[in-house]
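This report concerns only the one structure given below.
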Amino acid sequence: MRALCWNGVNDLRVETVPDPGIVNPHDVILRVTSSTTCGSDLHFIDGYIPTMRAGDVIGHEFMGEVVETGPEVRNIKKGDRVVVPSFICCGQCWFCQHDLWSLCDNTNPNAELQEPLLGGTTAGIYGYTHAFGGYAGAHAQYVRVPYGDIDCFKVPDGLRDEQVLFLSDAAPTGYMGADFCVTPGATVAVWGCGGVGLMAQRSAYLLGAERVIAIDRFPERLAAAREHCGSETIDYSSVDSVLDTLKEMTGGRGPDACIDAVGMEAHGTSLMAKYDVVKQALRLQTDRGEALREAIMAIRKGGTLSILGVYGVMDKFPIGVIMNKGLTVKTAQQHGQKYMSRLLDHARKGELDASFLATHTFSLEDAPRGYDMFKNKQDGILRAVFRPN
Ligand SMILES: [Zn+2]
Ligand SMILES: [Zn+2]
């Protein structure tokens with residue numbers, strides 16, 4: 001089959017690789033109908049997350065049609081159209097049973113690569129480094145889903161691929177971030193208007209927020225936040241101080257809840273941001289945390305901070321501010337399996353339509369160009385969607 005492979009820092013190529021087959025009795029093989037880029041892919045494409053190997057097939061957000069099932073698969077059958085969360089989950093371990101899906105204990109065979117850094121391990125992810133399991137990704141004609149009954153969710157009739165594809169990751173990540181911090185009537189500020197940030201904004205309203213304020217610098221992303229999510233917006237490159245602007249907009253108190261949907265490659269204009277760029281370039285720390293620090297400063301006393309951006313290691317993390325302001329911090333990689341049926345229901349009723357994220361579509365052969373446009377945020381791109389078949 002054809003697949004998009006990582007061959008080195010900023011070197012993606014479409015190559016012919018072996019077709020996946022049934023390895024274990026709970027496996028399902030999908031013919032991928034749509035897959036999409038994710039901002040977190042850029043971290044290993046840029047070389048900030050290690051443990052990639054030349055030839056690895058990438059891509060962790062996808063949907064498709066079932067073409068083969070292992071002998072123990074019960075609920076999913078050949079011909080089903082399904083969407084799959086990006087974390088691979090067994091459904092049986094203590095963490096899966098407690099709805100902490102991205103922390104599944106049984107799906108990362110390379111636990112020894114994470115344990116020293118984290119003191120524990122995450123679940124495996126499709127196409128996302130060997131530290132996250134070394135599974136083949138989904139920017140390919142076919143992909144193996146190891147726990148078909150647990151991780152394949154049937155798509156209701158009448159929904160197009162673009163309406164469902166983002167339920168693989170961007171929508172549940174954003175929804176979870178809002179679920180962590182939104183109380184009815186709250187004012188919520190969201191840093192970042194990429195796919196996850198936009199889904200967090202829409203979800204905040206679904207969960208009862210009264211006002212959502214979005215922060216970014218790209219005009220087309222800020223426009224998407226206003227038009228598709230109903231958010232008020234701040235262009236951080238055109239104001240003197242995001243903190244002062246937020247204070248003004250909230251009667252001097254600050255937002256009740258803040259969501260960081262930016263992560264480790266944050267851009268910023270302050271002196272601290274420039275310090276971060278230098279340290280990251282020197283590999284002294286892996287993360288630039290401008291958005292996160294700003295959120296911690298902006299949030300009202302006693303508020304809740306929800307962290308969705310992907311981080312590795314960061315210094316200068318202001319734990320003293322968190323403690324003295326009495327903040328609650330909640331964070332996780334997405335627990336997609338917990339939210340999927342709720343999100344499919346919202347999609348079916350037209351309450352959550354993520355299809356506006358699909359601004360650009362490419363054939364699989366053209367995927368490197370898609371990533372290039374996505375990385376450089378060209379032509380108003382929100383997400384590049386690939387059609388592998
Ligand atoms: Zn993703
Ligand atoms: Zn599990």
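For reference, positions follow the sequence shown, starting with 1. Owing to the predicted nature of the structure, the values given are computational and were not obtained by experimental measurement.
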I'd like to know if [Y] and [X] are part of one continuous hydrophobic network [Ile/Leu/Val/Met/Phe/Trp/Tyr, side-chain heavy atoms within less than 4.5 Å].
X	Y	value
Val82	Tyr142	no
Leu308	Leu343	yes
Met52	Tyr371	yes

Exercise. Arg144 pairs by salt bridge (charged side-chain N to carboxylate O under 4.0 Å, His left out) with which of Asp19, Asp27, Asp151?
Worked result: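 The option that passes is Asp27.
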
How about [X] and [Y]: does a side-chain donor come under 3.5 Å of a side-chain acceptor?
X	Y	value
Thr37	Arg383	no
Asp216	Tyr236	no
Asn10	Lys375	yes
Asp56	His130	yes
Thr121	Glu115	no

Exercise. Of Asn389, Val17, Thr16, which meets side chain to side chain contact (heavy atoms under 4.5 Å, CB included) against Met1?
Worked result: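 Single pass found, and it is Val17.
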
Donor-acceptor check, side chain of [X] to backbone of [Y], threshold 3.5 angstrom: yes or no?
X	Y	value
Glu162	Leu357	no
Asn108	Ala131	yes
Lys154	Asn75	yes
Glu294	Leu243	no
Lys325	Met297	yes
Trp94	Cys104	no
Thr304	Cys181	no
Asp235	Ser237	yes

Exercise. How would you list, by chain and number, every residue that makes a salt bridge (Lys or Arg N to Asp or Glu O under 4.0 Å) with Asp11, sequence neighbours excluded?
Worked result: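 Arg13.
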
[X] atom [atom1]: more than 12 heavy-atom contacts under 6.0 Å:
X	atom1	value
Met249	CE	yes
Glu351	CD	yes
Lys78	NZ	no
Asp157	CG	no
Arg342	CZ	yes

Heavy-atom closest contact ([X] atom, [Y] atom, distance):
X	Y	result
Thr107	Tyr135	O-OH, 2.7 Å
Leu382	Cys193	CD2-O, 4.1 Å
Gly158	Gln163	O-OE1, 4.2 Å
Gly380	His360	C-CE1, 4.2 Å
Ile296	Leu327	O-CD1, 4.0 Å
Pro318	Arg293	CD-CG, 4.0 Å

Problem set entry | Sidechain N-carboxylate O distance under 4.0 Å for Arg74, Asp149 |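 Asp149 and Arg74: not salt-bridged.
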
Exercise. Any ion pair linking Arg369 and Asp366 (charged N to carboxylate O, less than 4.0 Å)?
Worked result: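 Salt bridge present between Asp366 and Arg369.
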
For this session: Report the residues that fulfil side-chain hydrogen bond (donor to acceptor under 3.5 Å, both in side chains) with Asp161, sequence neighbours left out, ordered by chain and then residue number.
Result: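 Residues passing side-chain hydrogen bond (donor to acceptor under 3.5 Å, both in side chains) with Asp161: Thr33, Ser34, Arg81.
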
For this session: Please examine the side chains of Arg202 and Tyr205, heavy atoms only from C-beta on, and report whether any two atoms are closer than 4.5 Å.
Result: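 A side-chain contact exists here, since the closest heavy-atom pair is under 4.5 Å.
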
Exercise. How about His139 and Phe362: are their ring centroids closer than 6.0 Å?
Worked result: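 No.
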
Exercise. Going through the distances and angles, do His335 and Asp99 end up as a side chain to side chain donor-acceptor pair (under 3.5 Å)?
Worked result: CA-CA 7 Å; His335 301 310; Asp99 257 351; over 6 Å; no

Problem set entry | Verdict with reasoning, Asn7 to Glu15, per side chain to side chain donor-acceptor pair (under 3.5 Å) | CA-CA 10 Å; Asn7 281 293; Glu15 296 173 1; 2.9 Å; yes

Problem set entry | Qualifying residue, where the test is ring pair (Phe, Tyr, Trp, His ring centres under 6.0 Å) with His60 and the options are Tyr126, Tyr128, Phe132 |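 The ring pair (Phe, Tyr, Trp, His ring centres under 6.0 Å) with His60 is passed solely by Tyr128 among Tyr126, Tyr128, Phe132.
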
